[in-house]
Amino acid sequence: MRAIDPAAQSERDNYKLLIGSIIPRPIAFVTTLSEGGVLNAAPFSYFTIVTADPPMVAVSVQRKQGVRKDTSRNAITTGEFVVHIADSSYIGAINTTAAPLPPEESEAALAGLTPAASLAVAVPGIAEASIRMECVLEQAIPLGGTADAPAADLLIGRVVQFHVAEDVIDGRGHIDADRLQPVSRLAGNSYAKLGEQFELERPV
């Protein structure tokens with residue numbers, strides 16, 4: 001085994017170890033609204049469940065030289081955002097939204113995605129997604145970097161409305177992964193589709 005001290009190497013080298021090791025990572029495709037009403041959309045692979053009671057998810061949005069990205073700024077300003085699950089049917093459009101547009105331009109419009117009205121928040125979702133979650137901001141926690149220039153904003157959202165396509169959910173509320181066809185993030189420009197599945201009984 002090679003022992004590597006993260007304090008003895010650059011942020012970029014630590015980044016490469018993390019994104020190459022923690023795989024596959026689910027992708028949160030997040031929409032927010034700017035103060036001017038522009039629909040911002042961007043993908044994030046630092047994404048997970050926090051709790052089911054109440055349902056909460058967390059998305060870590062990295063900053064650039066300590067400056068917040070549109071997603072963080074909008075979510076913190078409005079207190080709302082929508083998280084979509086990335087799937088193979090629209091992953092190309094999701095990738096397009098990673099373009100570094102100015103705040104007054106909509107990545108959703110650039111990618112040709114269709115806004116869908118939300119029920120519990122003002123932020124529209126994206127109609128092409130099979131699963132989306134309307135969220136209110138529970139907490140926004142600046143982390144890493146320095147006190148003056150944090151490296152990231154951890155957005156914790158409480159899910160106040162789920163939207164799930166009929167063809168990916170059964171009568172018991174279970175999501176059919178084969179029908180959903182989720183896409184995950186690897187390192188660099190690499191992605192992965194759902195592969196072989198297997199089951200293991202948990203110890204009792």
Side-chain angles (χ1 to χ4, degrees), residues 15 25-50 54-87 89-165 183 185:
Y15 168 80
R25 298 185 307 280
I27 301 167
F29 183 48
V30 182
T31 54
T32 57
L33 274 181
S34 73
E35 288 184 287
V38 176
L39 182 60
N40 171 262
F44 301 94
S45 66
Y46 297 5
F47 166 50
T48 193
I49 300 165
V50 175
M56 291 187 190
V57 296
V59 181
S60 180
V61 181
Q62 304 305 293
R63 296 192 187 191
K64 289 187 177 181
Q65 287 80 50
V67 178
R68 283 189 171 120
K69 291 184 178 177
D70 294 345
T71 297
S72 295
R73 186 176 59 255
N74 294 344
I76 291 167
T77 298
T78 67
E80 300 177 341
F81 57 100
V82 180
V83 171
H84 310 73
I85 301 303
D87 66 59
S89 70
Y90 74 122
I91 190 62
I94 291 175
N95 185 58
T96 298
T97 67
L101 298 186
E104 63 273 13
E105 294 184 31
S106 170
E107 296 86 356
L110 174 69
L113 293 167
T114 311
S118 292
L119 296 178
V121 300
V123 180
I126 296 299
E128 285 77 6
S130 292
I131 299 176
R132 66 183 191 268
M133 307 171 202
E134 299 177 23
C135 299
V136 295
L137 185 64
E138 191 79 10
Q139 289 188 59
I141 307 170
L143 294 169
T146 65
D148 294 331
D153 293 295
L154 181 65
L155 306 179
I156 300 175
R158 177 163 42 91
V159 181
V160 292
Q161 187 73 50
F162 290 99
H163 299 268
V164 183
V183 172
R185 196 77 167 86

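Since the structure is predicted, the reported quantities are computational estimates derived from the model, not experimental observations.
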To the nearest 0.5 Å, what is the distance between [atom1] ([X]) and [atom2] ([Y])?
| X | Y | atom1 | atom2 | value |
| --- | --- | --- | --- | --- |
| E138 | L155 | CD | CG | 12.5 Å |
| T78 | L33 | OG1 | CG | 7.0 Å |
| R25 | R185 | CZ | CZ | 6.5 Å |
| T32 | L39 | OG1 | CG | 7.5 Å |
| I126 | L113 | CD1 | CG | 5.0 Å |
| E80 | E134 | CD | CD | 8.5 Å |

Exercise: identify the closest heavy-atom pair between [X] and [Y]:
| X | Y | answer |
| --- | --- | --- |
| A127 | A116 | N-CB, 3.9 Å |
| V61 | T71 | CG2-CG2, 4.3 Å |
| C135 | V121 | O-CG1, 3.8 Å |
| Q161 | L119 | CD-CD1, 4.0 Å |
| Y90 | A129 | OH-CB, 3.2 Å |
| F81 | I156 | CZ-C, 4.4 Å |

Given side chains that start at C-beta, do those of [X] and [Y] come closer than 4.5 Å, heavy atoms only?
| X | Y | value |
| --- | --- | --- |
| P43 | T97 | yes |
| E107 | N40 | yes |
| R63 | S72 | no |
| I76 | R68 | yes |

Problem set entry | E128 versus S89, side-chain donor and acceptor atoms under 3.5 Å |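 Distance-only check fails for S89 and E128.
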
Exercise. Taking atom types as modelled and ignoring hydrogens, do the side chains of D148 and T146 form a donor-acceptor contact shorter than 3.5 angstrom?
Worked result: no

For this session: Go through the steps for R158 and V50 under the test side chain to side chain contact (heavy atoms under 4.5 Å, CB included), then give the verdict.
Result: CA-CA 9 Å; R158 177 163 42 91; V50 175; over 6 Å; no

For this session: Give a yes or no on whether L110 atom CG has more than 12 heavy-atom contacts from other residues, nucleotides or ligands under 6.0 Å away.
Result: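 Count over threshold, so yes.
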
Exercise. Quick check: are there more than 12 heavy atoms from other residues, nucleotides or ligands sitting under 6.0 Å from CD of Q65?
Worked result: no

For this session: Could you tell me whether a side-chain N or O of S118 sits under 3.5 Å from a main-chain N or O of V123, the two making a donor and an acceptor?
Result: yes

Problem set entry | Test log, rule side chain to side chain contact (heavy atoms under 4.5 Å, CB included), inputs V30 and F47 | CA-CA 11 Å; V30 182; F47 166 50; over 6 Å; no

Exercise. When the ring planes of F29 and H84 are compared, do they come out parallel, tilted or perpendicular, using 30° and 60° as the limits?
Worked result: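 Judged by the thresholds at 30° and 60°, the geometry between F29 and H84 is tilted.
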
